[in-house]
Amino acid sequence: MQSALSLYGRDRSARRDMGEIAFGLQLWRLVPEDRFDRQPLVGGGGRFTLVADVRIDNRPELAEALGLPADRTASMADADFILAAWERWGEDCLDRLYGDYAFALWDSTERVLRLVRDPLGKRPLFVHRSPGHATFATMAKGLHALPHIPRAANPEMIRDFLALLPHVGTQSFFAGIERIEPGQMLRLLPDGRAERVDWYDRTRIRSVALTRPEEYVETFRSLFDRAVSDCLRTTSPHVASHLSGGMDSSTVTATAARLLDARGQRLTAFTHVPLPGAPLMRQARRFGNEGPLAASLAARYANIDHVLVDSAKRQIGDDFDSNFHYFEYPLLNPANSQWGSEIDRLAAARGARLVLNGQFGNATLSCTAYERLPELLRRGRLLAWLRNAIPLARSGQMRAVSVLWRSLGPFLPPALLSAARRLGNSHDWSLEGYSSLKPEVVQSPAMQARLAEVGIDGRFAPYADSRSPRIFMLWRVDYLAQHQKGILASTGVDSRDPTLDRRFVEFSLGLPSEMFLRDGQCRWIFLQAFADRLSPEILTQRGKGLQAADWATRLRADLPALRSEIERAQHSSTADALMDLPGLLTLAGEGPRTNGEDPDEDMAYRCRFLRGLAMAHFLRKLEAGNY
């Protein structure tokens, strides 16, 4: 198992065998204090044994609560803080730990093994259980190293992935392998029973109530600055970031540049740009080249080195083999993967060992909270609705018809919702349109029951309140933790997103919706807190960046090679049972006729075809099909 997992931890290997239970560790030193790491750790007079994949962000607060002197904490690894907290508070310590972690703790007195993940699930953890035996690992590769654990697909997870369902439940992509869910603890008891405890309730929002708007803004800004600062704790002086033309990555980059400048350090910011001369897909209020806006942000900070990345030598599908080996899940968006992985490789080549991003910022940092409109109507606050709806339309932030459909959409039956979306120039989603599943699978009782279980109708109907969609975004997918592991193993780069800092997430979710949509100004608190850090070009841009806007040009060039992957999928029993392979072959034979102007064609190729293609490759590799 350690040999299989060594690519995720190359700096130190250790183990502790206690007869009935054994712990192993593969450490990659990512923060300075990792040089003091001596896991597996033993504490409580020999009662507790701990192994953890961890970065703790609130070390000073924990040290104070534990009464630890500075000279001791200076030589404590982050795993030492978990053990000290457990010795003091037991399971109650979990709510005091802030950061990224997955850990296992053996209690020799109770003879209970506890497997735990952090609330945002930023470190993966898997378990295989059989009568009288349990095995856990941070990646499934460690479990598949054992001969009694077969390498096989989990058809239900494959189906859910292709339907874009939220990752709800303990299933993984692999048969017989469960995952510990974010904010969950699994207790393995001596009588063979397993107890799953959701120690963190993501639906329990602690509402934030402050006296003045200025207090909200100042706390919002200070918590985000702390999140970025904690993400900058690294073993390398070279730091990089993903920089788009949007507000989230721009704010992450600008804040990091300010903090690094105070230390005399530089920041390398990478921006994806389209292929030179390639026609770009066009959508209303969207722009396909984010290079100029990103450059306007970089120009404001003297310590930013700005690098444009067009990935001209990369092809869609280049990462399939690497992704299977390192990431262990099918690519969700192959059109974006080819430039995202190129940025990570270029960052590593320049000596960066830390790359920041703002991937979840639209759920925590710069959310528009348009859902406040139906929220106000539902509460009967018509005057407050008018105070927001009229300025939104007059200022050009939204078209008048879009204001109406976003306000009324949550209360409309499906037929009227489709009509409202068309009037608002928004795509009308349907499961059959964006999924490569067979129609009979989509309509099956099992699929319909699963849709009802996770609360999704396949049409992504708009929400009637401003918190629910943000909770959905934050906890929709769990394999991004594997993605972070894969980037580290394949490039040596540690990818971190400060917009996912738990302290900032909880504060943001607890804010009144009027802090985000206030008197017709969307992103109100964000603009109050960070407008001075961004360029005027970014602040006044009404449109939104469109990633991989050159996808049609790239796909046409790559289709001959990609078609063969679909043809080979016909030999996979799992793919044949679930996927509309004839339909995918038709798409492969025709190719996109436009550059993305047709929203149905855009959906067919970027969602149905490319996601189905990634799944076909994943299944072939997993089933070891030499076809």
Carboxylate-amine/guanidinium proximity below 4.0 Å for Lys122 and Asp118: no
Is the closest basic N to carboxylate O distance between Arg179 and Glu328 below 4.0 Å? no
Please check if any side-chain donor atom of Thr255 sits under 3.5 Å from a side-chain acceptor atom of Arg533, or the reverse. yes
With a 3.5 Å cut-off and no angle check, do the side chains of Asp465 and Ser468 form a donor-acceptor pair? yes
Pairing donors with acceptors under 3.5 angstrom, does anything connect the side chains of Gln547 and Asn336? yes
For the pair Arg300 and Asp532, find out whether any cationic side-chain nitrogen is under 4.0 Å from an anionic carboxylate oxygen. no
Does one side chain, of Arg353 or Ser236, offer a donor that lies under 3.5 Å from an acceptor on the other? no
Does atom CZ of Arg350 have more than 12 heavy-atom neighbours from other groups under 6.0 Å away? no
Compute whether any side-chain donor of one residue and acceptor of the other, for Thr253 and Ser241, lie under 3.5 angstrom apart. yes
Give a yes or no on whether a salt bridge exists between Asp37 and Arg29, defined as a side-chain N under 4.0 angstrom from a carboxylate O. no
Any donor-acceptor pair under 3.5 Å linking the side chain of Arg523 with the backbone of Leu365? no
Does the distance from a Lys or Arg side-chain N to an Asp or Glu carboxylate O, for Arg55 and Asp230, drop under 4.0 Å? no
When you check the side-chain N and O atoms of His306 and Thr271, is any donor under 3.5 Å from an acceptor? yes
Under 6.0 Å between ring centres, would you say that holds for Phe324 and Tyr329? no
Charged N to carboxylate O under 4.0 angstrom, Asp78 versus Arg233? yes
Do Arg345 and Asp319 meet the salt-bridge criterion of a basic N to acidic O distance under 4.0 Å? yes
